[in-house]
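The structure under discussion appears below in the form of structure tokens.
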Amino acid sequence: MVTLEDVARQAGVSLATASRVLNGSTRQVGAGLRARVEQAADELGYRANIAAQTLARGASNVIGIVVHDLTDPYFAALADGVMRAAAGEGLLVMVGTTHRDPEQEIAYVATLNAQRVRAVLLVGSRLDDPEVTGRLRAELDRYLSSGGRVACVGQDLLGVDTVAPANGEGAAALARSLAELGHRRFAVLAGPPRLMTAADRCAGFVTALEQLGLPRPRIVHGPFDRDGGYQAARETGDATCVFAVNDVMAVGALAAYRERGVRVPEDVSVAGFDDIATLRDHAPALTTVRLPLADMGARALELALTSDGKPVVEPVRGEVVLRESVRPL
């Protein structure tokens, strides 16, 4: 096997100079010496050690993205946006999924730090748990202190660049649109009470109804997934309109109603949140709040790669999209 020492000897330079040329050091080497080293490497068939290059540069060409659940189309769309943007920068993406376990999220950050990835992106809602959030911030600070870059999609709680969906504002706009259609009795499939995205969307919806002088909706908590929506739909009472705090819960509710012979929207209207592209062909087409998910992922990567050390928070506002799953009363 050809070694770096062989290349240095052939080029007539020191081992340190050969290493700076071939292992990615940031220290400058004169054009003449560089040409001699590169020619010697070509003649001998030397292949640079990628691990050594990573150590020399302080970061690899790998981006780590940590999501809650890749089977959820919301996270898949965000990850796709990151991957497409990364490909344009010549970067590779390594994806980890936590299954909504905050301890797993902290462990991923520590592992990605040890692997010296160029940037870490955290995608997903925070839990209302200051102790866990504090520990995650401490792990991120260790990574940042070593030169790493971080951005997140979610709540602005980590002291890093953040793409922040305006969850409460979007849900409030949806509530007003549904009320304009004549609905007065609502139910909210609210997800887990300590998941901040779910809580923010529920609170925004409820507050908007209160401001309109409408009755408080029935609140049904449950898992933040399709099965959670399916189960919660059994408890919506006499509501004429049901708001699920994400689209996959809404799809679960639609399945539950279909099995029980409840017609949508003739008997009950249903709305969601996110506008998952893969669900747009669902029948009936789902009324929702559209977020530009792929763009959000791409923007998070851009923030991480261009950060100047001062955290930037960029709110993303949703757009209400009325479709066939809701009808006027």
Side-chain angles (χ1 to χ4, degrees), residues 1-67 79-97 105-123 138-152 159-161 294 297-312:
M1 176 184 293
V2 179
T3 67
L4 189 60
E5 288 86 350
D6 297 328
V7 174
R9 190 178 308 112
Q10 173 108 343
V13 301
S14 68
L15 179 61
T17 297
S19 177
R20 288 170 193 150
V21 173
L22 299 175
N23 285 335
S25 172
T26 58
R27 295 183 62 180
Q28 294 299 310
V29 176
L33 288 179
R34 177 175 293 277
R36 282 162 53 187
V37 171
E38 290 174 346
Q39 181 179 350
D42 287 342
E43 291 173 350
L44 296 173
Y46 174 79
R47 294 293 178 266
N49 186 318
I50 299 302
Q53 289 181 344
T54 296
L55 290 171
R57 292 172 181 159
S60 69
N61 68 333
V62 176
I63 303 298
I65 175 172
V66 182
V67 303
D80 182 65
V82 173
M83 290 177 178
R84 291 179 184 275
E89 299 291 334
L91 301 171
L92 301 176
V93 178
M94 181 166 53
V95 182
T97 182
E105 187 173 40
I106 295 169
Y108 267 123
V109 173
T111 299
L112 292 169
N113 185 13
Q115 294 178 350
R116 299 174 70 85
V117 299
R118 181 171 298 185
V120 171
L121 306 181
L122 301 179
V123 178
E139 195 63 57
L140 290 172
D141 287 343
R142 281 189 282 274
Y143 172 61
L144 289 166
S145 68
S146 69
R149 305 290 190 91
V150 178
C152 78
V160 300
D161 292 327
R299 181 55 180 154
L301 177 61
E302 182 181 3
L303 287 174
L305 296 179
T306 60
S307 175
D308 61 2
K310 298 177 182 179
V312 173

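Since the model is a prediction, treat every value here as computed from it, not as a measurement.
The distance from atom CD of Gln39 to atom CG of Leu44, rounded to the nearest 0.5 Å, is 10.0 Å. In this structure, CD on Glu105 lies 10.5 Å from OG1 on Thr97, to the nearest 0.5 angstrom. Between Arg118 atom CZ and Leu91 atom CG the span is 5.5 Å, to the nearest 0.5 Å.
Arg149 places a side-chain N or O within 3.5 Å of a backbone atom of Ala304 that can act as its donor or acceptor partner. Ser146 places a side-chain N or O within donor-acceptor distance of the main-chain N or O of Tyr143, the cut-off being under 3.5 Å.
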Identify every side-chain donor-acceptor pair in residues 5-14 under 3.5 Å, counting partners at least two apart or on other chains, and give the distances.
| unit_1 | atom_1 | unit_2 | atom_2 | d |
| --- | --- | --- | --- | --- |
| Glu5 | OE1 | Thr3 | OG1 | 3.2 |
| Asp6 | OD1 | Arg9 | NH1 | 3.2 |
| Asp6 | OD2 | Thr3 | N | 2.9 |
| Asp6 | OD2 | Thr3 | OG1 | 3.1 |
| Gln10 | NE2 | Glu43 | OE1 | 2.8 |
| Ser14 | OG | Thr17 | N | 3.1 |
| Ser14 | OG | Thr17 | OG1 | 3.0 |

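Side chains of Leu301 and Ile65 form no contact here, defined as non-hydrogen atoms less than 4.5 Å apart. In this structure, the side chains of Leu122 and Val160 stay at 4.5 Å or more apart for every pair of heavy atoms. Here the side chains of Met94 and Leu112 are in contact, with some heavy-atom distance below 4.5 Å. When side chains are defined from C-beta on, Val150 does not count as touching Val109, because their heavy atoms never get closer than 4.5 Å.
In terms of heavy-atom proximity, Gly297 sits nearest to Val82 at O-CG2, 3.3 Å. Listed here is the closest heavy atom pair of Glu139 and Ile106: CG-O, 3.9 Å. The minimum heavy-atom distance linking Val117 with Val62 is given by the pair CB-O, 3.4 Å.
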